[in-house]
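Atoms considered below: every heavy atom in the structure, side chains included; atoms not considered: hydrogens, waters and symmetry mates. Every chain is numbered from 1 and lettered A, B, ... according to where its sequence line falls, protein lines coming before strand lines.
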Amino acid sequence: MIRILAARELHSLFSLPSSWFMLGVLQFLLAWSYLARLDAWLQVQPQLALLANPPGVTAWVAAPMFDMVSLLLMVLIPLFTMRAFAEERRNQTLALLLSSPVSNTQLVLGKFCGLLAFLALIVCTSLLMVATLGVGTALDWGLLLANLLGLLLIVMSYAAFGIYVSALTSQPLVAAIGGLAGLLGLWMIDVTASDEHALWHILSPAFHFRKLNAGLLDSADLGFFLLFTATFLLLTIFRLQGNRQGGR
Amino acid sequence: MSGHILGYIQLNSQPVPPDILSSPAPDATTLIARNLTRHYGQYPVVQDVSLTLKRGEVLGLLGHNGAGKSTTLQMLSGILTPDSGEIEICGLDLLRAPMQAKRRLGFLPEVPPLYRELSVDAYLTFAAKLRRVSPDTLPDALADAKYRCGLNEMGPKLIATLSKGYQQRVGIAQAIIHQPDIIILDEPTVGLDPAQLRDIRALIRELGDTHSVILSTHLLTEVETLCDRVEIMRDGKLIYSDTRAHMAEYGDTASLEEAFMQITETEEEPAP
């Protein structure tokens, strides 16, 4: 049942012109960023060659690009997740799902998996872009895979958060603005906390991604992402249950 | 084109799907609701509503706007949970075994729950999968639902491009595609033109021959032509319950409309 709901969500995302537009814009920005970093690396390469332990092309080009991908997705994911439940409510199609033999958990996981498949495609295309460097030079695949994992985890967290906000309202625009405000808030508590050891950092997915972005795989970071995702998916399930019990 | 459905109905009234034959026996009670109560905040919307539905019966749920009809139907279809009370669908408790009970239900809300970006075939296939129609029987179920609702030619068309009447048929088709024992229709003829009205009513009547149907409406002509039994709600309470024929003879009234007005103005307690 989760697969059926995920396939429906994926189909719905791909049938929207706005999704293709956002994908196009994202690819354009990524390509720009990639070429700009590559150009910068080619210019500083002679100086880097003089260093004893110079950073490789993967660390110089790929890591900053993936960092940018995480920021762009933070802005774009609420635009994809806003429809999850808010639009179903607005169009009154939620009745079809709620009157069918589908549990709230299946419903939430189905939508989540569909969105995740869509977002994973974006992440994979950005990896493919960077992998083209492999034609001319050796790549640090460990760093690339750590970034890939980090991006998938942060996307998972953002999607879960966005779906939860979408379940709170029947207005997709409100869901998008609410999701964006929440994710920006989480990002800002990381970048604005001046004390490096402040607890605020721990709450921010961006903080945990930074270590994976640098190629450092820490089980605490993985645990954070999984916990963050599970928390918001559970809250969404409770919200749907609350809707059945509490009101319209 | 709108008249085609009558032909479909006559042609299609012969075969009875096997799973219907294995369902509850004729005259068996398919739905029992006991003492349903529901509040929105502090405001009571449905109070102590009890009703039953027999196989092959069309039950009309009547009442003015805001009487609690839609909330009652949403509880019966498992969308809303009652604050108290019980709902039994073909012997299955809807609250304790929702997955099994909901397989026996088909629901058409007041606004058909249509994904406008999908084709009719894609939408009905999705609805069938949601209701756990097996992949082996899905093509037959799809063809049957389209046939019964006069949608044979509409399969590849996008739902957004269909007229309101055809969208309503698609809404009914999603409610019957899994051959449920009980079909719940919330004001299924609102906003239709006279030809569409006639076709949809004919379809509902045909559904009443093989399924149990609960129909919410405030059109008394609909009750006259479709319903075997009538329940009337006012202010969230059931105030009248009887056969359509008995309702027509209520008091000294000359028509169902008069009877309805008299009942909603005078009745205080549910009639026996």
Among A/A95, A/S100, A/P101, A/S99, who wins on heavy-atom pairs under 4.5 Å with chain B?
->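 Most heavy-atom pairs within the cutoff with chain B belong to A/P101.
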
Is [X] in contact with chain A via its backbone, its side chain, both, or neither, using a 4.5 Å heavy-atom distance?
X: B/L108; answer: neither
X: B/L105; answer: neither
X: B/Q174; answer: side chain
X: B/Y123; answer: side chain

Is it the side chain or the backbone of A/S15 that comes within 4.5 Å of chain B heavy atoms, both, or neither?
->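 Contact with chain B is through the side chain of A/S15 alone.
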
For B/L185, the option from B/I214, B/L61, B/V213 that meets side-chain contact (heavy atoms from CB on, under 4.5 Å) = B/V213

Aromatic ring proximity A/F66/A/F209, centre distance under 6.0 Å = no

Determine, for B/Y166 and B/R169, whether the Lys NZ or Arg CZ falls below 6.0 Å from the six-membered ring centre while staying within 45 degrees of the axis.
->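 Checked: cation-pi criterion met.
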
B/T30 and B/D181: side chain donor to acceptor below 3.5 Å | no

Under 6.0 Å from the CZ atom of A/F238, do we count more than 12 heavy atoms belonging to anything else shown?
-> no

